[in-house]
Novice: 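One structure follows; several queries about it will come next.
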Amino acid sequence: MAWLLNLLQVILFVATAPLLAGWIKKLKCWSQNRMAPSVLQPYRDLFKLIRKETVVAEGASWIFHMAPYIIFSVAVLAAAIVPLVAVQLPTARLADVIVLVGFFALARFFQALAGLDIGTAFGGMGSSREMTVASLAEPAMLMAVFTLAVSMSTTNLSAAIATLLHEPLTIRPSFVFAGLGLALVAVAETGCIPVDNPATHLELTMIHEAMILEYSGHHLALIEWAAQIRMMIYAVLLANIFMPWGLADNFGLAALGWGMIAILVKLVGITVVLVLAEAVLAKMRLFRAQHFLGFAYLLALLGMLTHVILEVG
Amino acid sequence: METLTSLYGQAVLLLAALVLFTSFVMLAQSRVTALVNLFALQGILLAATTALVAIVQNSPHLIISATLTLGLKGVLIPLLLHWLILRMGLHRTIDEVKRPLQLLLGAASLVVFSYYVTLPVVELSELETRNIIAASAATLLLGMLLMISHRQAISHVVGFMAMENALFFSAVVSTYGMPLVVELGVAFDVMVAAVIFGVFFFQIRESIDSLDVDRLSRLTEIEDNE
């Protein structure tokens with residue numbers, strides 16, 4: 001029963017990721033006074049890409065062919081670790097949050113290799129930029145996650161969230177800072193405005209798009225879908241770690257229903273904040289990204305320090 | 001969280017952490033007007049912390065201190081500094097920090113240092129706010145770092161005032177505030193200091209045409225003669 005629910009949750013996660021992307025697109029259009037495409041547009045795009053012919057450059061090696069499959073399957077595995085509607089599901093218990101960060105790193109590694117593989121100027125540039133951003137974002141994310149792990153004395157995401165769920169309302173200064181730090185990392189990692197802008201194909205600014213320029217057809221569909229899943233993972237992480245209320249802790253129908261409604265409300269809230277931030281901020285120069293991510297690291301570090309100083313002893 | 005278990009207590013911890021955080025943001029801030037605004041924010045947060053401690057600990061004299069802090073450091077001194085900045089046409093001045101990231105990481109290590117230094121004091125203390133002592137010591141050191149790292153005289157004054165904030169902060173959390181007479185005296189001193197600094201600004205600007213204190217170390221007369 002638990003495994004079946006687990007499978008359902010992962011399928012729900014993967015299937016609704018494009019919906020989240022469509023919803024963000026819609027909010028963005030509204031914030032800019034534009035006509036919005038339907039929320040289902042990402043599904044249509046994915047379907048179109050899957051049907052199209054897949055063209056591969058002549059000198060491409062096996063890495064270029066394998067990368068989309070690896071990136072997509074790693075994204076699905078990562079989605080299996082994150083509690084979406086219910087905690088204490090079997091796969092969430094198997095792997096802890098460091099594995100999650102490792103999955104992200106693995107996907108990024110193959111994406112960067114695939115960008116380099118073709119040997120075009122853009123691919124290499126994109127890979128180099130992506131690794132620069134990643135090398136700064138990863139320590140910040142780990143530090144934010146360690147703050148959670150130290151407070152809850154477990155690195156298992158599901159167990160930590162379950163503990164949070166059962167305790168009475170507690171205000172933790174460390175969580176405020178770690179949450180802000182993780183939010184900044186999420187903005188950088190999912191290519192939102194102050195760091196990257198996936199909507200543009202302007203060669204001076206693009207990071208993520210530069211790496212996948214050579215992909216087409218179902219390869220591109222898989223990579224786009226994986227990016228949408230990653231966006232969803234970050235949003236769900238922020239929602240469920242720092243606002244765990246409403247998650248189902250048993251497998252009853254009522255609890256699961258409430259879990260669905262809760263995560264829906266939380267995701268809508270988070271995306272509204274994200275889109276407002278994108279509308280207000282201007283895109284940074286690439287070389288300002290280190291200051292941005294350095295600030296994220298500092299916030300996460302402050303979270304850890306305030307935990308040690310203020311909350312222990 | 002063993003020491004402050006009530007929701008009020010946790011709110012005190014959160015506000016204390018935010019006071020420390022404003023010190024960090026002040027360090028990275030390079031615009032003078034924004035720096036003064038952050039200083040005002042720190043004053044307001046400090047007043048809120050004091051008021052909450054007063055409510056939690058049932059010590060009404062702290063309410064008076066909180067009101068004094070709010071009026072003086074949250075409103076009056078920032079307004080005075082803004083007036084000075086406008087008067088001297090400094091509102092577009094950028095006090096660029098060299099290597100902001102290294103500065104902030106250095107500041108984080110100062111927090112660890114002050115935690116290490118205040119550990120014996122914290123162990124001796126019986127107060128419920130004893131954990132915040134380290135944060136207040138760190139705020140003090142960050143104020144000093146602000147004075148060291150910035151070059152505009154206005155930033156130095158803000159750093160000095162931030163240090164005074166931190167001293168008040170540590171008095172509140174380590175002994176629930178100084179006697180009221182002392183606090184009134186200190187508040188008056190700070191007010192007078194702010195006015196005297198204003199006079200000094202005009203003096204400095206008249207002699208070196210700028211408030212960049214690095215230029216004070218140059219010998220202008222020799223350059224003039226040549």
Side-chain angles (χ1 to χ4, degrees), chain A residues 132-133 135-137 139-140 142-144 146-148 150-153 163-164 166-181 183-185 188 242 284-313, chain B residues 1-25 27-30 49 52 97 99-119 122-123 125 128-139 142 173:
Chain A
T132 313
V133 170
S135 68
L136 294 164
L142 273 176
M143 190 55 91
F146 284 156
T147 308
L148 170 81
V150 171
S151 313
M152 296 290 110
S153 11
T163 322
L164 274 176
H166 289 295
E167 69 177 13
L169 177 65
T170 324
I171 309 169
R172 286 196 178 77
S174 59
F175 271 35
V176 174
F177 292 132
L180 283 174
L184 292 189
V185 171
F242 301 104
M284 295 185 293
R285 283 190 298 133
L286 185 68
F287 294 108
R288 298 276 297 178
Q290 49 168 325
H291 294 289
F292 180 82
L293 288 166
F295 189 63
Y297 180 73
L298 181 85
L299 276 170
L301 186 65
L302 262 184
M304 185 62 117
L305 286 177
T306 47
H307 172 73
V308 173
I309 293 175
L310 294 179
E311 292 167 14
V312 184
Chain B
M1 253 187 251
E2 285 87 353
T3 44
L4 286 166
T5 37
S6 68
L7 219 51
Y8 275 125
Q10 289 162 13
V12 171
L13 286 184
L14 180 65
L15 282 172
L18 285 179
V19 170
L20 182 62
F21 179 61
T22 47
S23 276
F24 271 93
V25 183
L27 265 184
Q29 187 54 253
S30 54
T49 318
L52 257 184
V97 187
R99 302 205 178 84
L101 219 54
Q102 280 91 329
L103 182 68
L104 286 177
L105 288 181
S109 54
L110 274 184
V111 176
V112 178
F113 173 72
S114 56
Y115 172 63
Y116 175 71
V117 169
T118 52
L119 211 50
V122 174
E123 273 167 10
S125 174
E128 293 196 11
T129 49
R130 61 173 182 266
N131 279 344
I132 311 179
I133 297 175
S136 66
T139 318
L142 292 187
V173 295

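Every chain is numbered from 1 and lettered A, B, ... according to where its sequence line falls, protein lines coming before strand lines. Every heavy atom of this structure was used, including side-chain atoms; hydrogens, water molecules and symmetry mates were not.
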Novice: Determine the minimum heavy-atom distance between Leu101(B) and Gln290(A), stating which atoms define it.
Specialist: CD2-O, 4.0 Å

Novice: Return the minimal non-hydrogen interatomic distance between Ala17(B) and Thr306(A), and the atom names on each side.
Specialist: CB-CG2, 4.0 Å

Novice: So do the side chains of Ile309(A) and Asn131(B) get within less than 4.5 Å of each other, counting heavy atoms only?
Specialist: no

Novice: Any heavy-atom pair between the side chains of Phe24(B) and Leu299(A) that's under 4.5 Å?
Specialist: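 Leu299(A) does not reach Phe24(B) side chain to side chain.
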
